[in-house]
2 protein chains.
Amino acid sequence: MKIGELARVTGANIETIRYYERIGLLPEPHRTAANYRRYGEAHRSRLAFVRHSRDLGFTIEEIRSLLDLSDHPERDCGEADRIATSHLEQVEEKIAQLELLRDELARIIGRCRGGLAGDCRVIEALGDHKYCEGTHA
Amino acid sequence: MKIGELARVTGANIETIRYYERIGLLPEPHRTAANYRRYGEAHRSRLAFVRHSRDLGFTIEEIRSLLDLSDHPERDCGEADRIATSHLEQVEEKIAQLELLRDELARIIGRCRGGLAGDCRVIEALGDHKYCEGTHA
DNA sequence: CCTTGACCCTGTAGTTGCTACAGGGTGCAT
DNA sequence: ATGCACCCTGTAGCAACTACAGGGTCAAGG
Ligand SMILES: [Zn+2]
Ligand SMILES: [Zn+2]
Ligand SMILES: [Zn+2]
Ligand SMILES: [Zn+2]
């Protein structure tokens, strides 16, 4: 299939596919006489792996390692587990951070009683962390 | 004070301070005879406002509007409220997304029983969204 | 007086993961 | 033959910094 169809079936953007090829995440496909990229099932499933991993929040470098493992089925899968677990930990950390942020923001917004900017407690609170209760960042 | 001291007292990076000046978020300070930037209390508190707002996750453009309001105390503060509330909503949305992600990741990781990469359920699950239970992205 | 070191300056390029052109070529239908 | 959809390369842009390279300035110590 041509790049447009690959994009359609995987949900990836055409430019993204070419980008992945450029950074070596996808192998260079064969070319037709007119220099068009020609893809097969192996490309499709590799791209699906990449897109799904990206949707799950893995970085390109993590995906590179995961693909490498996927290309070497005889290796131990411990590395995959380590990457995924460390990613999960980062997600959990990020959630905890955002929850602190959310609480602090809600508290700050709650202080506004309307009126003039000069009297606004929201603007005041943005100017100085001392009005914060938590340690958001 | 010179830029290094301003950086120390606000916790901002020197390069970041110059960057903020370049994009017009901080006003150009006076210069000494040796062309060194010289800051006063007004600069300090404006930078504190910017850094605190960034720590709270506001974008530069949002901060630009908030600073504008802070510079015009006679205006209505409704705009500040709108910006903060919409930001809070985005944070809440992001948290919800990450929670879906976290659950899906935890489930995927739980499938791994160790062994060879070729048999790894984690790698399998990354390759195809059909092994997912939620709609993480 | 000279050097060392800490500071400051400008300007540019790199980071992450794409996305959006500009300026061209190809292939098929009418 | 002419339109149109599709493909190609190469480059630049986004956010919000961060990291140099290659220079200038200034006070203290030898
Ligand atoms: Zn208010
Ligand atoms: Zn705070
Ligand atoms: Zn496994
Ligand atoms: Zn999935």
Side-chain angles (χ1 to χ4, degrees), chain A residues 1-26 28-39 43 46-67 83 87 90-91 94 97 101 137, chain B residues 1-26 28-40 43 46-67 83 86-87 90-91 94 97 101 137:
Chain A
M1 63 188 122
K2 285 186 278 173
I3 198 168
E5 198 188 337
L6 181 63
R8 261 190 306 280
V9 300
T10 58
N13 192 315
I14 289 180
E15 326 266 41
T16 304
I17 296 173
R18 288 198 280 246
Y19 168 70
Y20 287 160
E21 181 185 326
R22 204 159 58 241
I23 64 172
L25 213 53
L26 298 183
E28 296 186 16
H30 288 123
R31 299 289 185 128
T32 68
N35 201 31
Y36 287 12
R37 287 171 180 81
R38 185 62 41 141
Y39 297 97
H43 292 102
R46 197 174 177 91
L47 178 54
F49 186 102
V50 172
R51 283 311 312 161
H52 193 221
S53 300
R54 284 292 300 130
D55 287 344
L56 288 165
F58 290 95
T59 67
I60 298 283
E61 288 316 306
E62 286 166 341
I63 295 171
R64 225 185 268 280
S65 304
L66 291 166
L67 278 172
I83 292 172
H87 179 50
Q90 281 178 51
V91 170
K94 187 78 193 173
Q97 262 179 38
L101 214 61
Chain B
M1 64 189 122
K2 286 185 277 173
I3 198 168
E5 199 188 337
L6 181 63
R8 261 190 306 280
V9 300
T10 59
N13 192 314
I14 289 179
E15 327 265 40
T16 304
I17 297 173
R18 289 199 280 246
Y19 167 69
Y20 287 160
E21 180 185 327
R22 205 160 57 242
I23 64 171
L25 212 54
L26 298 182
E28 295 185 17
H30 287 121
R31 300 289 185 128
T32 67
N35 201 32
Y36 287 13
R37 288 171 180 82
R38 185 61 43 139
Y39 297 98
H43 292 101
R46 196 174 177 92
L47 178 54
F49 186 103
V50 172
R51 283 312 312 163
H52 193 221
S53 301
R54 284 293 300 129
D55 286 345
L56 288 165
F58 290 95
T59 66
I60 298 284
E61 288 315 306
E62 286 167 339
I63 294 170
R64 226 184 267 281
S65 303
L66 291 166
L67 277 172
I83 291 171
S86 129
H87 179 50
Q90 282 179 50
V91 170
K94 188 78 193 173
Q97 262 180 37
L101 213 62

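Throughout, protein chains are lettered first and strands after them, A, B, ... in sequence-line order, and every chain is numbered starting at 1. Side-chain atoms are counted along with the backbone in the values below, which use heavy atoms only and exclude waters and symmetry mates. All values derive from a computational prediction rather than experimental measurement.
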Participant: Could you check whether A/R51 and A/Y20, counting side-chain N and O atoms only, form a donor-acceptor pair closer than 3.5 Å?
Facilitator: yes
Participant: Between B/E61 and B/A33, just flag the one whose closest nucleotide in DNA chain D comes earlier from the 5' side.
Facilitator: B/E61
Participant: Which one, D/dA16, D/dC8, C/dC9, comes nearest to the side chain of A/R31?
Facilitator: D/dC8
Participant: Can you check the B/I14 CD1 to C/dT10 P distance for me, whole Å?
Facilitator: 12 Å
Participant: Regarding A/R18, tell me which of base, sugar-phosphate or nothing describes its non-hydrogen contacts under 4.0 Å with the strands shown.
Facilitator: base
Participant: Treating B/H87 as the side-chain partner and B/L56 as the backbone partner, does any N or O pair qualify as donor plus acceptor under 3.5 Å?
Facilitator: yes
Participant: Of the listed nucleotides (C/dC9, D/dA19, D/dC17), which one gets closest to any side-chain atom of B/Y19?
Facilitator: D/dC17
Participant: Whole angstrom is fine here: how far is it from CZ in B/R22 over to P in C/dA13?
Facilitator: 13 Å
Participant: Choose from D/dC8, C/dT26, C/dT19 the nucleotide whose nearest atom is closest to any side-chain atom of A/A34.
Facilitator: C/dT26
Participant: Per the side chain to side chain contact (heavy atoms under 4.5 Å, CB included) rule, which among A/H30, A/K2, A/E5, A/M1 passes with A/Y39?
Facilitator: A/M1
Participant: Mind calculating the distance between NZ (B/K2) and P (D/dA27) to the nearest angstrom?
Facilitator: 8 Å
Participant: Just to verify, which of A/T16, A/V9, A/T10 counts as forming a side chain to side chain contact (heavy atoms under 4.5 Å, CB included) with A/L47?
Facilitator: A/T10
Participant: Taking the side chain of B/Y36 as heavy atoms from C-beta outward, which of C/dC9, D/dT18, C/dG17 is closest to it?
Facilitator: C/dC9
Participant: Closest to the B/E15 side chain: D/dC8, C/dC18, D/dT18?
Facilitator: D/dT18
Participant: Among the nucleotides D/dT9, D/dT18, C/dC18, which one has an atom lying closest to any side-chain atom of B/T16?
Facilitator: D/dT18
Participant: Within this structure, what is the CG-to-P distance between B/N35 and C/dC8, rounded to whole angstrom?
Facilitator: 13 Å
Participant: With sugar-phosphate meaning primed atoms plus P, OP1 and OP2, does A/I3 contact a base, only sugar-phosphate, or nothing at under 4.0 Å between heavy atoms?
Facilitator: sugar-phosphate
Participant: So if I take every side-chain heavy atom of B/N13 and compare against D/dA19, C/dT19, C/dC9, which nucleotide ends up nearest?
Facilitator: D/dA19
Participant: From CE of A/M1 over to C1' of D/dC6, roughly how many Å is that when rounded to an integer?
Facilitator: 16 Å
